[in-house]
Amino acid sequence: MKKCLWSTKNDWLEEYHDFEWGVPILESQQLFESFALEIFQAGLNWEIILKKRSALREALCQFNPYELSNYTEDEVTQLLKNTEIIRNERKIRAVLHNARVVTRLSTNFSDYIWQFVDFKPIRATHHFLGDEKSRLFLMQRVVQQMQLDGFVFVGPKMLNSFFQAAGLINDHEETCFRYYELSI
């Protein structure tokens, strides 16, 4: 069975690819987790995130934005001492800040994010996102809106990775078995 080349490097990546990556996430808290994990991933490889994901879930209230939005400075200090998670203060504060933004949205986080792709996944390889200029334009538009709405630590590269991981963009290689399984 053919797979995206990046997923064949180790068992962690292969399992993530085969069962999670690119599967559309519609539930708001799960989508926020995916968004937060992309923030933590910046500058790191995805295998590190997968290995620390369980500890991050435990330390960050299963990525519940309503609980995270109430974190205190003492709780931030405790997070920075937790050796099981990624202890980058800037990333931790960005996730907590973004959780507060999510709680102030006029809609749920899922609808907020999915509106950017008209509530249906985009198949990147055949359709307009196969063109890098179109993809960059979409990501810049999303970045601009999210920043206007108060989100931080968002950029075109990070959001592109998030959209791929959360299934908003089906970016599996066309020869990968998941490409057609996830095509709607």
Colleague: Could you walk me through whether Asn64 and Glu33 pass the side chain to side chain contact (heavy atoms under 4.5 Å, CB included) check?
Modeller: CA-CA 8 Å; Asn64 180 326; Glu33 174 181 330; over 6 Å; no
Colleague: Kindly indicate whether the side chain of Trp114, heavy atoms from C-beta on, has any atom under 4.5 Å from the side chain of Pro121.
Modeller: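 Yes. Closest side-chain heavy atoms under 4.5 Å.
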Colleague: Mind checking whether Phe40 and Asn88 have side chains closer than 4.5 Å, heavy atoms only?
Modeller: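 The answer is no; the side chains never approach within 4.5 Å.
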Colleague: What distance do Thr8 atom OG1 and Lys2 atom NZ have between them, rounded to the nearest 0.5 Å?
Modeller: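 Here the interatomic distance stands at 12.0 Å.
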Colleague: For residues Leu26 and Phe119: do they belong to one hydrophobic cluster (side chain heavy atoms under 4.5 Å, members Ile, Leu, Val, Met, Phe, Trp, Tyr)?
Modeller: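 The answer is yes; both residues are in one hydrophobic cluster.
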Colleague: Can you tell me how far apart CG (Leu182) and SG (Cys176) are? Round to the nearest 0.5 Å.
Modeller: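 That separation rounds to 8.5 Å.
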Colleague: For Glu58, look at atom CD and say whether over 12 heavy atoms of other residues, nucleotides or ligands are found less than 6.0 Å away.
Modeller: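 Open: at most 12 neighbouring heavy atoms sit under 6.0 Å from CD of Glu58.
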Colleague: More than 12 non-hydrogen atoms from neighbouring residues, nucleotides or ligands closer than 6.0 Å to CG on Asn45, yes or no?
Modeller: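 Correct, the count exceeds 12.
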Colleague: Any side-chain heavy atom of Glu38 within less than 4.5 Å of one from Trp46?
Modeller: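 Yes, close enough: below the 4.5 Å cut-off.
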Colleague: For the residue pair Asp171 and Tyr179, confirm or rule out a side-chain donor-acceptor distance under 3.5 Å.
Modeller: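 Per modelled atom types, Asp171 and Tyr179 side chains form no pair under 3.5 Å.
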Colleague: Should the ring pair Phe163 and Phe116 be called parallel, tilted or perpendicular, given that the plane angle runs from 0 to 90° and is split at 30 and 60?
Modeller: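 If you compare the ring of Phe163 with that of Phe116, the planes turn out tilted.
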Colleague: Inspect the surroundings of CZ in Arg90 and state if more than 12 heavy atoms from other residues, nucleotides or ligands are less than 6.0 Å away.
Modeller: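 Open.
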Colleague: In sequence, state the C-alpha distance, the side-chain angles, and the governing distance for Leu168 and Ile25, and then conclude on side chain to side chain contact (heavy atoms under 4.5 Å, CB included).
Modeller: CA-CA 8 Å; Leu168 286 92; Ile25 302 173; over 6 Å; no
Colleague: Asn82: what forms a side chain to side chain donor-acceptor pair (under 3.5 Å) with it, not counting sequence neighbours?
Modeller: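 Expected list: none.
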Colleague: Roughly how far, to the nearest 0.5 Å, is CG of Leu136 from CE of Met139?
Modeller: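 Met139 CE to Leu136 CG: 9.0 Å, rounded to 0.5 Å.
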Colleague: Below 4.5 Å, heavy atoms only, C-beta onward: do Gln115 and Val142 meet side chain to side chain?
Modeller: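 No, side chains not in contact.
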Colleague: Might you work through the side chain to side chain contact (heavy atoms under 4.5 Å, CB included) test for Arg141 and Leu138, ending with a clear yes or no?
Modeller: CA-CA 5 Å; Arg141 184 174 63 86; Leu138 172 62; 3.2 Å; yes
Colleague: I need the Ile39 CD1 to Leu96 CG distance, nearest 0.5 Å.
Modeller: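 The distance works out to 10.0 Å.
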Colleague: Which is it for Cys61 and Tyr71 under the side chain to side chain contact (heavy atoms under 4.5 Å, CB included) test, yes or no, and what are the steps along the way?
Modeller: CA-CA 10 Å; Cys61 301; Tyr71 264 41; 3.3 Å; yes
Colleague: Answer whether the closest heavy-atom distance between the side chains of Phe162 and Ser34 falls below 4.5 Å.
Modeller: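 Yes, close enough: below the 4.5 Å cut-off.
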Colleague: Can the ring centres of Phe151 and Tyr112 be said to be less than 6.0 Å apart?
Modeller: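 Under 6.0 Å, so yes.
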Colleague: In Å, rounded to the nearest 0.5 Å, how long is the span from CG of Asn160 to CE of Met158?
Modeller: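 With rounding to 0.5 Å, CG (Asn160) is 11.0 Å from CE (Met158).
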Colleague: Ignoring hydrogens and geometry beyond distance, is a side-chain donor-acceptor pair present between Asp149 and Gln145 at under 3.5 Å?
Modeller: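 Judged by distance alone, the side chains do pair up.
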Colleague: Is it true that a side-chain atom of Asn108 and a backbone atom of Ser110 form a donor plus acceptor pair closer than 3.5 Å?
Modeller: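 A pair under 3.5 Å: yes.
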Colleague: Do you reckon Ile92 sits in the same ILVMFWY cluster as Tyr66, going by side-chain contacts under 4.5 Å, direct or chained?
Modeller: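 No, because Ile92 and Tyr66 fall into different hydrophobic clusters, even though each may have its own neighbours under 4.5 Å.
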Colleague: Taking the side chain as every heavy atom from C-beta outward, state whether Phe153 and Val95 have any pair of such atoms under 4.5 Å apart.
Modeller: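 Phe153 does not reach Val95 side chain to side chain.
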Colleague: Kindly compute the distance separating CD (Gln164) from CG (Asn170), expressed to the nearest 0.5 Å.
Modeller: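 Spacing of CD (Gln164) from CG (Asn170) equals 10.0 Å.
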Colleague: Does Gln29 offer a backbone N or O that forms a donor-acceptor pair with the side chain of Glu27 under 3.5 Å?
Modeller: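 Side chain of Glu27 to backbone of Gln29, a donor-acceptor pair under 3.5 Å: yes, one is there.
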Colleague: Taking the side chain as every heavy atom from C-beta outward, state whether Val152 and His97 have any atom pair closer than 4.5 Å.
Modeller: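 Side chain of Val152 against side chain of His97, heavy atoms only: contact under 4.5 Å found.
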Colleague: What pairs with Phe177 under side chain to side chain contact (heavy atoms under 4.5 Å, CB included), at least two apart in sequence or on another chain?
Modeller: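 Only Met1, Lys3, His17, Asp18, Glu181 meet the side chain to side chain contact (heavy atoms under 4.5 Å, CB included) criterion with Phe177.
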Colleague: Got more than 12 heavy atoms from elsewhere within 6.0 Å of CD, Glu15?
Modeller: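 Not more than 12 within 6.0 Å, no.
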Colleague: Can you confirm whether or not the ring centre of Phe35 sits under 6.0 Å from the ring centre of Phe63?
Modeller: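 So the answer is no for these two rings.
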Colleague: Considering only heavy atoms from C-beta outward, does the side chain of Leu159 approach that of Met146 to under 4.5 Å?
Modeller: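 In contact.
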